[in-house]
Amino acid sequence: MRMSKLFSQTLRDAPGDAEVVSHKLLVRAGFIRQLAAGIFSYLPLARRTMTKIENIMREEMDAIGGQEVTMPVVHSADIWKETGRWYQIGSEMGRFFDKNGRDMVLAMTHEEVVADLVRKEIQSYRQLPAMIYHIQTKWRDDPRPRAGLIRVREFTMKDSYSLDADWEGLDKQYRAHYQAYFNIFNRCGVPAVAVGSDVGMMGGSMAHEYMYLTPIGEDTLLLCDHCGYTANRQIAEFQKPSAAAEDALPLEKIATPDTKTIEDLANFLNIPTAKTAKAVFMVATITEGTEDVEKFVFAVVRGDMDVNETKLANAVKAKALRPAHDEEIVAIGAEPGYGSPIGVKNALIVVDDAIPESPNLVAGANETGFHYLNVNYGRDYRADVVADIAVAGDGDACPRCGKPMYTSRGVEIGNIFKLGTRYTDALGATFLDKDGKEKPVIMGSYGIGVGRLLACVAEEHNDEHGLILPITIAPYQVHLVNLSKKSNAAEEIYADLQAAGVEVLFDDRDGSPGVKFNDADLIGLPLRITVGDRALKKGGVELKRRDSRDSEIIPLTEIVSAVQAKIAEMTAEIMETVVEVPFKE
RNA sequence: CGGGAUGUGGCGCAGUCCGGUAGCGCGCUUCGUUCGGGACGAAGAGGCCCCCGGUUCGAAUCCGGGCAUCCCGACCA
């Protein structure tokens, strides 16, 4: 490709509203342009890179038995109504009417379509296991797109769906994806860690998220370097510091003026926060049958911990949780700031599993300015649910090995779910097993966002001058910069490289050297050839890796083979990172 | 959905407080000079100042109402 003909332009200044480095560089280098919030055009350089990323995905999916299909972006709403997600999902789903007034859906994912295909195509256990995938546009009307391609509303996703006759088969395909996903990320030059994650509204029994660790990430992860435990904070467990065993003392009400927070209370009584019980008031939306009802949730954790809303929502099987209003708190007989599970009515009481082990806590008295001493679970009150509802944080003890964990932020670049039969049950996607019995097909679903992965590549591989793209996914392998006016050596090299199958971006523009070098650094192709009179005098041209300062002079006759050798070398460097990763639950 | 900010040629910004019909840098076009890390000179092109309404002799500027974009939070199948 001649740069004089390249559709996109580079920009000296990043748009004022770009904050993260991947966004700035991808815009400046001419990869992407924004149309609206979370909606982008992908210009030729991005398109070529995404095609390469997609081809890596195809190779890895095909290698584990995947068959590529293309499913529609526009769905009739019927199948979404059948699985209930038409009703469950809110404004994030794109809905419209066709000309006949029928409800239509813009695809946010494809479980429904897959299950519909399965009920039409799969009749027999002989057709299983199977796995289909596609690389297709998704629309999710996210309330808050951000950070360039990190979080968008319209995006391309590689999503695959495993279909099995039994749970062992699902486990096998799940594990195959587990490794294939690491291969994809490594081949794209993005280091990823797999963490256990919440299954959320997807349902199912197991899920992993692949995270690229970066401060700009939106998820918080708990990591243990000692034993390798990793988990999204939403579900991360930890060993809770145990309380000293004591005999239960008599309940006693005392005046504690102006102690609305746990810190105030602990200071006032001169006790550690671990000797107090913290009350958190939430309202949960819980589906009962076909109805959504709101229930007041009174959550109790020890004063030295905080509530994890995801764990709490899972403990009460809530679809949504929100903080309770003061009036609602008073209505159940509690008092904001002085809440106690003793004597409240019409509330679902959920206590953290550390509470029954912790005797003689100080808890509110449901009366402003008063607390109870020596509150004991079981004797003084009982809960509807006892579960782990506390959030893990920096320094908390690893649930596996007990060593301190630390937190990190991460961007979710992929996820894998064991779905089970939720969708196949709903759509009646069944097969006949060996015994002639009808059974639902068991599904898994697996997704990677292509654009988000590109953003993470840019986030990971750059310097102050621009992008430094991995050879495996760079739009072109070589940036050929011509500085010489007299010689036509560059034209010849361009022709020779193309004839040899090397992908070249040829800067044939009539510009100054500085502009060309800066553009080359900004776009970040892995190799740069500089054709200038300086090296031509010595009978050669310069060859330089973008990720290195040093260049070497290669004789004109050897440049093609030298480039091919460098490409092989850089490809080998990437492939060294593609290794088997032990499966961790 | 809460909180904050911004909207002025393709990009980055000034002008808005204090009203008088728009300016700078980059980029773009033409000519000349230059040519190894974002050159120089000369001459040009390009703007419904986000939209609608109001105040005023007169609005980019003041007032009201929208919309859009970004950031923080809530949310995220």
Side-chain angles (χ1 to χ4, degrees), chain A residues 8-20 23-24 27-30 33-39 80 83-94 105-112 138-148 150-153 155 157 159 197-204 207 209 216 218-219 232 234 282 285 309-310 313 319-323 411-412 415 417 419 422-423 445 447 449 452 464-466 481-486 507 509-522 528 530-537 541-542 544 549 551 553:
Chain A
S8 57
Q9 270 195 308
T10 56
L11 301 178
R12 288 204 189 191
D13 299 306
D17 53 20
E19 296 236 326
V20 304
H23 187 194
K24 288 182 186 174
V27 172
R28 283 191 56 212
R33 295 290 183 253
Q34 184 168 343
L35 177 66
I39 305 178
W80 289 83
T83 62
R85 289 210 281 189
W86 171 264
Y87 309 101
Q88 287 168 8
I89 297 170
S91 58
E92 213 183 332
M93 179 185 277
V105 169
L106 289 175
M108 31 188 345
T109 177
H110 282 79
E111 282 79 16
E112 277 77 3
K138 306 282 185 270
W139 171 259
R140 296 180 188 182
D141 200 351
D142 202 293
R144 193 158 106 72
R146 62 175 284 272
I150 295 289
R151 189 161 144 179
V152 293
R153 296 193 293 168
F155 58 100
M157 178 180 242
D159 40 328
S197 74
D198 183 38
V199 294
M201 292 301 285
M202 290 289 273
E209 291 171 341
I216 67 160
E218 306 183 89
D219 290 274
N232 194 309
Q234 292 179 329
M282 306 291 288
T285 306
E309 289 188 20
T310 305
K319 185 172 145 182
L321 269 186
R322 64 168 173 84
V411 172
E412 183 184 345
N415 57 41
F417 279 94
L419 286 182
R422 171 166 176 197
Y423 298 96
S445 90
R452 184 180 279 185
E464 68 271 30
H465 301 295
V481 176
N482 185 32
L483 300 182
S484 175
K485 297 282 190 229
K486 309 166 204 161
D507 195 343
R509 297 174 302 175
D510 182 21
S512 71
V515 170
K516 295 182 180 184
F517 287 138
N518 279 297
D519 275 350
D521 285 347
L522 179 59
R528 187 181 84 194
T530 307
V531 180
D533 294 332
R534 203 189 270 178
L536 283 173
K537 270 182 202 149
V541 293
E542 283 162 54
K544 178 183 170 297
R549 279 188 177 184
S551 64
I553 295 183

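Below, chain A is the first sequence line, B the second, and so on; all start at residue 1. Just the heavy atoms: all of them, side chains too, but no hydrogens, waters or symmetry mates, feed the values below.
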Fill in: Pairwise P distance for B:G23 and B:G65, with rounding to whole Å
32 Å
Worksheet entry | Salt-bridge criterion met for A:Arg153 and A:Asp141 (N-O under 4.0 Å) | yes
Worksheet entry | B:C49 versus B:A39 - spacing of their C1' atoms, nearest Å | 33 Å
Item to complete: Side chain of A:Thr530 only, please: which of B:G36, B:C70, B:G12 is the nearest?
Response: B:G36
Worksheet item: For atom P, what is the distance between B:C13 and B:G4, given to the nearest Å?
Response: 23 Å
Item to complete: Could you please name the option among B:C76, B:C70, B:C72 that lies closest to any side-chain atom of A:Glu92?
Response: B:C76
Worksheet item: Can you tell which of B:C76, B:G38, B:G12 lies closest to the side chain of A:Asp142?
Response: B:C76
Worksheet entry | Integer angstrom distance from the P of B:G15 to that of B:C62 | 12 Å
Item to complete: Sticking with atom P, work out how far B:A14 lies from B:G32, rounded to a whole angstrom.
Response: 38 Å
Practice prompt. Map A:Ile89 and A:Arg528 onto RNA chain B by nearest heavy atom, then report which one ends up closer to the 5' terminus.
Written response: A:Arg528
Practice prompt. Tell which nucleotide pairs with B:C62, taking only Watson-Crick or G-U wobble pairs whose two distances are both under 3.5 angstrom.
Written response: B:G54
Nucleotides 28-35 of chain B: which of its N/O atoms have a protein N/O under 3.5 Å away?
from	atom 1	to	atom 2	distance (Å)
B:C35	N3	A:Lys485	NZ	3.4

Fill in: Nearest-nucleotide pick for A:Pro143, side chain only, options being B:G38, B:A74, B:G36
B:A74
Worksheet item: Among B:U69, B:C76, B:G36, which nucleotide sits nearest the side chain of A:Arg151?
Response: B:C76
Discussion item. What contact category does A:Glu218 fall into here, base, sugar-phosphate, or nothing, at under 4.0 angstrom with non-hydrogen atoms?
Written reply: nothing
Discussion item. When you measure only distances, ignoring hydrogens and angles, does the side chain of A:Asp521 come within 3.5 Å of the base of B:G37 through a donor and an acceptor?
Written reply: yes
Fill in: Side chain A:Glu542 and base B:G36 donor-acceptor under 3.5 Å
yes
Worksheet item: Can we say A:Arg85 and A:Glu111 salt-bridge, meaning some charged N sits less than 4.0 Å from an Asp/Glu carboxylate O?
Response: yes
Worksheet item: So which nucleotide does B:U33 pair with, by the Watson-Crick or G-U wobble rule with both distances under 3.5 Å?
Response: B:A39
Worksheet item: Hey, does A:Trp139 have a side-chain heavy atom less than 4.5 Å from the side chain of A:Val105?
Response: no
Discussion item. Measuring only the P atom in each nucleotide, how far is B:U55 from B:G64? A whole number of Å is fine.
Written reply: 15 Å
Discussion item. Can you check the distance between B:A43 and B:C24, where both ends of the measurement are the P atom (answer in whole Å)?
Written reply: 13 Å
Worksheet item: What distance, rounded to whole Å, do you find between the two C1' atoms, one in B:A22 and one in B:A60?
Response: 8 Å
Fill in: Test applied, salt bridge (Lys or Arg N to Asp or Glu O under 4.0 Å); reference residue, A:Asp519; option that passes from A:Arg12, A:Arg509, A:Arg28
A:Arg509
Worksheet item: OP1, OP2 of B:C70 versus side-chain N and O of A:Arg144: anything below 4.0 Å?
Response: no
Worksheet entry | Selected nucleotide, minimal atom distance to A:Ala37 side chain, candidates B:C26, B:U69, B:C11 | B:U69
Worksheet item: Less than 3.5 Å between a donor and an acceptor, one on the side chain of A:Arg509 and one on the base of B:G27, is that the case here?
Response: no
Item to complete: Could you check which of B:C72, B:C26, B:G36 has an atom nearest any side-chain atom of A:Phe517?
Response: B:G36
Worksheet item: Is there a Watson-Crick or G-U wobble partner for B:G44 with both distances under 3.5 Å, and which nucleotide is it?
Response: B:C28
Practice prompt. Examine B:C76: is either OP1 or OP2 under 4.0 Å from a nitrogen or oxygen in the side chain of A:Gln234? Give yes or no.
Written response: no
Discussion item. Mind checking if A:Gly532 touches a base, just sugar-phosphate, or nothing, with heavy atoms under 4.0 Å?
Written reply: base
Worksheet item: Which of these nucleotides, B:U69, B:G36, B:A39, is closest to any side-chain atom of A:Arg534?
Response: B:G36
Worksheet item: Rounding to a whole Å, what distance do you find between A:Asp13:CG and B:C13:P?
Response: 8 Å
Worksheet, complete the sentence: Whichever of A:Arg153 and A:Asp219 has the more 5' nearest nucleotide on RNA chain B, that residue is A:Arg153
